[in-house]
Every structure is written in structure tokens, then in C-alpha cells.
2 protein chains.
Amino acid sequence: MSAVSAALFTMGKKITIYDLAEQLHVSPATVSRSLNNHPSISTETKTKVVRAAQEAGYKVNKFAANLSKQKSNTIGVIVPKLNSAFMSTILAGVEKIANEAGYNLIISQSLESMEKEKMNAHALFQSGVDALIVSLAYDTSTYDHFSNFTKVGIPVLFVDRVYPMENCSTIVIDNQQAGHDATEHLIQQGCKNLLHVSGHLNRSIYAERLQGFKNAMAKHHMEFTDANLLESDLDPNSVGELINHLQQINGAIDGIFVSNDRFAASCIKELQKLHYKIPEDIKVIGFNNDSICELMTPTLSTIDYPGYQMGVLAAQGVIGHLNGNIDLLPANSISLRHRLVVRESSSND
Amino acid sequence: MSAVSAALFTMGKKITIYDLAEQLHVSPATVSRSLNNHPSISTETKTKVVRAAQEAGYKVNKFAANLSKQKSNTIGVIVPKLNSAFMSTILAGVEKIANEAGYNLIISQSLESMEKEKMNAHALFQSGVDALIVSLAYDTSTYDHFSNFTKVGIPVLFVDRVYPMENCSTIVIDNQQAGHDATEHLIQQGCKNLLHVSGHLNRSIYAERLQGFKNAMAKHHMEFTDANLLESDLDPNSVGELINHLQQINGAIDGIFVSNDRFAASCIKELQKLHYKIPEDIKVIGFNNDSICELMTPTLSTIDYPGYQMGVLAAQGVIGHLNGNIDLLPANSISLRHRLVVRESSSND
DNA sequence: ATTTATTACGCAACCGATTGCATTAAATTT
DNA sequence: AAATTTAATGCAATCGGTTGCGTAATAAAT
């Protein structure tokens, strides 16, 4: 390292391509092209420039680069809640890929509110993200706040909590089949009187799981009535609703399919307090394969749900599209495989 | 909305201050100042400009604004893992405040590796973040990658997994006191033979908790030996080490203080498999007050740990500093209150 | 040796907003 | 009425890269 550049470096002075250009007696254009490995620059000058840049501790000014390229190298993400096991798993997958590809992530949470989701979407739009990955809030019912993006060609990709918008791909699992599998499992374990504890049915994932539940019942000649369904916000504080429901219908429920492991865990805990034996009296199956499943007593049967994979795919999808590589986004919907995981809470022995 | 601006709007054409300037027969400077509510612009023109901007669907180009202001309105965050209950809780707090204050968050995870942490730090530096919030990786042992920031005056704030760097504030709890409290609780419950399962001791939080553990033992005239300590990576797969340790020391451990609820849960589960009764044979206390504590059987005693608050404070700290409001950053260290939570896993009855 | 391709690089406009320094017009003071 | 403030706005440079187009120099073709 030369004395001069060492001095500049330690001084923390931000050096620009103009500085390099001057130092090397070439034009800023040449410096820029060299740094970006442009074909029309000789290998000789290229290496010269690159080395000088290194020595001088040169960093591109992203603002300037973004401005002229009209591209931010940033992906926006909106999730309902950051502090949810499942969502943070998706995020971990997204981050892994984005980071490897040199993309930044701007992450925001809607806190399950459409209003905040809108605000986040606008903020991200302003920030000039190159793509948007979204998992919808509970109560989102209009979707205009995403059309800003699609209108100007910014890809929007929905993950898990999806909505079928024009030109937007979705990454999901086959929730209906999964719901069916969970339900059929309970039936096969001998349950005669089923209950499905669902999330808000305006979110398609829950509606589809319910449909799977109904299908499985029908398949096994069981009649579905209101008594078989409890729609919940799946918040731990709402466990009381389950107990109320059980008392109201006054039927001996012997199998419960809960659309979420966390809430299933809370339910089991509460049922145990009321001296129900799980699985002897009531068999329970959850959804997600949260790490909590194996830590509970009894361990919780569930549907394994590839959150990390979904995140990975989402990131690969948008980045592949942006970079013009394998472009998954023309695909309307990508559905990942789920898996029934049988544990103690639904087993007979 | 005029026909012209409506047309522009639907066309998705990006309109600039120059467009507005032309349309209104004023200079771009006036438009810019009006939009930024600069005092030297008459109220009349201000409202005129603002309204026109609204109608035209004008959005500032952040790249350009960032470039000229040399400020990104973005805060960088590096956490060890996104998909950790505790970290995502911190993040939720950070996001809440940042979002309210109009700041974006660029989040990245080090995956407990110093190398990735370095790369993330550099990437964030490149991205021109205005501030950096960090929770350190397990194996981080050098800290130069943060001095780039401090050198050019970008505030760096450590949360939870901290390191005392020149000019960097930290947000923590009193880990030593907390470790002491947890330990003393076990002693008061009658435990005579303690074990502390710690995380890597090169992370100060774990070293401090261990110190608290030692202090409590000393206070109660118990001698600390190697048998009383198991250093672990706290990964669920490492539960075997605990069992090995118990067999090796061949002493009837009757109280375990685990430095992390998740791992405590795994330990309890494993101990139960080996027919230990918790709490009768062995009392256990964890750390964090993870939501899992209340879902386990037995419910897990722990130290309540204000993760969300830490996130909130971290964000408020850097933003307050950046905006020149209440500036917490001169404070070397901010310590939040912890709380002993006694549940079944450590109770006598 | 002359013409035609290639290669390597520089010029200068551009991306869109910000801001110090005039400048003009209106208001106030002397 | 002349001089001085004050208020409101415009000029033009600046932030740091990027990139279309032109050009000089060298190589290849005729």
C-alpha cells in the first residue's frame, strides 16, 4: 500500500472514482468500467484500476450508483410479525439467499394490520426496492397497495399468506391437502367427533385447511356442522374460546385439529388443566412443526411446513427474475411439499 | 385531479421536481424547498406546490435525495440468527420504533459466525446505513469490522451480546445479578448440588451469568468446582453433553441453571426420558422467559428478559442520536431490569 | 499502401434532489 | 425620498457513478 493511499485510508476520507481517475491518469469512465468489469477495457488497465481501488480503500457510493442505475439492489419484505417462529424462519431463508446474492433486505412488519401493511408498502415503494416479498396480514382485504409495484414492473411475490393477484407469484403449500391429511390422521386414530380450530377464514390458508378438513370428514362419511369448527385469532389469550366451545356443543370431542402449533400447545396446556388426558381423551394435531412440538408433553403431532425453504425459494425467485436468470416468477404458484408428523398427542399407544 | 396529471399518474411515469417546476413556473429549488417545508418559502407557493405534487402523484427519488444528503434514513441491523425467539423479539421492537420514525431497516444475520458478521458489516457500510445495531455472533473475537463505522461517525450500538468498544453504547441487562438471582433461587429451594449450563464464555453475557452463579454459591458457602459448570453451544443437539456430564461427575446434581430457555426445555425433556423427575429430583431454571416456558410440563422457571424493550431502546437510542433529540448514546451502557419468574420446574410443591 | 475493422478509452450528458449564494421585490426605517 | 431590512425565489454547483457515442490508435484485410 502506498503511503498516500494509506494516509487517505486511515483518514477515513471517502475516495471516489474521480480520485482514482486522477491518480491513474485515466478518465472516471474508465475507472467505472474497470470496476464493473466492462468488456471494452483492457485487462491491463482493469487490473491496474482494481488494485489501486483496493489499496485506496475505495467503496462505491451506492446512492450514486443507485441513482444512475435506477436500481437499489434491495428487496423489501413485509411480514405480519417478526417475532413469530414461523415468520422468522421464512426470513432466515430469504436473508440467506439475498445476502449471498449481494442483495439487501428491508424488512418491516404489518403487525397483522392492513393499515400498517399499506404504510409499509408505500414506504418500501419510496425506498425504491427492486422487488417485494409479502406475507399478508390477518385482516388485509384490499390489495391496491401492491399494484403500485406491479404497475411499474417491480415484482411482488407472496409467501404463505397469499392472495392471487395478477402478475404476482405465490409460494405456498397445498393447505387443503395438508388439512385433509391432518384430519384423516385423526380419523384413522379412531376419533369420531372432530373439531377444527381455524384461523381467520378470510386468509386463504385457513380457508383451505378447513376445506381439507371438510373433505376428509366427507370422505369418511362424517357430517360437518358448525359444532365442528371454531374460528379463532389463534392468540394464546383466546384459549378460553375453545373451552367455551367445548362446553357449548356439549359433545364429546375426541379429536382436535388446530391450525397452528403454538395455539395447539396452549390448548393442550389448558385442556390438561381441566384434567383432559391428551391423547387418551382427546387427540390433538397442530400445524407448522414448530420446534415447540418436541418439547411439549405430550409431544405434538403436526404438519411439517417448510418455512425456511419457502423463504429460500422466495428470494431465489425474485433474485433470479431480477438478474435475468432462471425466472420462476412467470409461474403462478409454487407449491412445496408438506409432511404429516405423528407424535404422542395423536397416538394411541 | 387534472386530466394531465391523471394521465401521467396512470402511465406510471416517474415525475420529478423538474416536472413540477415547469408545470408551476417556478424553479426546482423552490419545489424542493416547498416539499421540505423550508421556512424561506411563502405559505402560498408552498401549498401550491404541495398540492400539485399530490395530484401528480409525485414521489421523492430517495436515491437522489440520499446522494445529495449523504444520508440514507436506514439503520443496519446484524443479529446472530433471525429465527430465534429472542432475537426476533428484539427485532420486533427495533422495527416498531424505526418504522414510526420513518427509518428503514436493513437486517442481516451472522449465523453465529464472525466471518459472516464481518461480511454483513461491510455490506451495510457500503449501503450507507446511518447507524448500526448489533448483537454479536458466538465466536466474534475481533471488532475491527465495526471501527469503519465509528471512524466516520456512524453510531454503532450493541444489544444484549455486547462488547465494550470505544464510543459504542450497549444495551443489556445485569447478567451477573440475574445469574445470581437464578442461582440463589435454586439454593433457596433447597438445592445442594448445582450445575450451571452456560453458553460460550467468550460472550460476556454468559461469562457474567456464570460469575453471578459463582457469587451466589460463594455467598451460600458452596464451593465452586469444574463439576458445577458445563459450557455448551446451547444447541438442542448438544443435550447429550449434559447427560455425559451428569454421568461423569457422578454427583447427584439437584439443581440446574441453564443459560437459555430453549436449551433448558431440551434438557428437561431428555432428563424426563431418563426418568428424572423435574422438579422433584432436579430443579431447573432457564433464562429469557421464552413463551415456551408456560407451555412445557412442568412449566419452566426463568429470568424474564425484556427483549422487546431492548429493541425499542436500541432504536430510540440511535434515532434520537441521529435526529439530534434525546441522545442516549453518550451513555456507555444502558441496563434494563430483569425479573425472576418462578414456575413449576423449580418449585417444591 | 490504403481501406476497413477492432480495441481501448475519453467526453459529456444524465440520474433527481439539495443548498450556498445571489438577486429581486416588497416592507421598513431614517 | 433614499437607504436599509426582510422575505421569497432563482441560479448553478454538487453529490458519485453510469453509459451512449465519438475518436484515436492499432490490427487486419484488400
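Per chain, numbering begins at 1; letters A, B, ... match sequence-line order.
Computed from coordinates, the A:Lys71 NZ to D:dG17 P distance equals 17 Å when rounded to whole Å. Taking atom NZ on A:Lys46 and atom P on C:dA8, their separation rounds to 9 Å, with Å as the unit. Counting to the nearest Å, the P atom of D:dG10 and the CG atom of B:Leu24 are 10 Å from each other. The CG-P distance, from A:Asn73 to D:dT18, rounds to 12 Å in whole Å. A:Glu22 has its CD atom 16 Å from the C1' atom of C:dG10, to the nearest Å. In this structure, CG of A:Asn66 is placed 10 Å from P of D:dT18, rounded to the nearest angstrom. At whole-Å resolution of the value, NE2 in A:His38 and C1' in D:dG20 are 10 Å apart.
Between A:Lys96 and A:Glu100, at least one side-chain N (NZ, or NE/NH1/NH2) sits under 4.0 Å from a carboxylate O, which counts as a salt bridge. B:Glu112 has a carboxylate O that lies under 4.0 Å from a charged side-chain N of B:Arg161, or vice versa, which qualifies the two as a salt bridge.
Across all strands, B:Val31 comes closer than 4.0 Å to no nucleic acid atom at all (heavy-atom distances).
Side-chain N or O atoms of A:Thr142 include none that pairs as donor or acceptor with a backbone N or O of A:Asp144 at under 3.5 Å. At distances below 3.5 Å, not a single donor-acceptor pair connects side-chain atoms of A:Asn104 with backbone N or O atoms of A:Thr74.
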Which is it for A:Thr30 and A:Ser27 under the side chain to side chain donor-acceptor pair (under 3.5 Å) test, yes or no, and what are the steps along the way?
CA-CA 5 Å; A:Thr30 301; A:Ser27 75; 3.1 Å; yes
Once base and sugar-phosphate atoms are separated, protein heavy atoms under 4.0 Å mark nucleotides 15-21 of chain C, 5' to 3', with B, S and - as BBBBBBB
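For A:Lys116, the side chain to side chain contact (heavy atoms under 4.5 Å, CB included) test picks out A:Leu111, A:Ser113, A:Asn120, B:Glu95, B:Asn99, with sequence neighbours left out.
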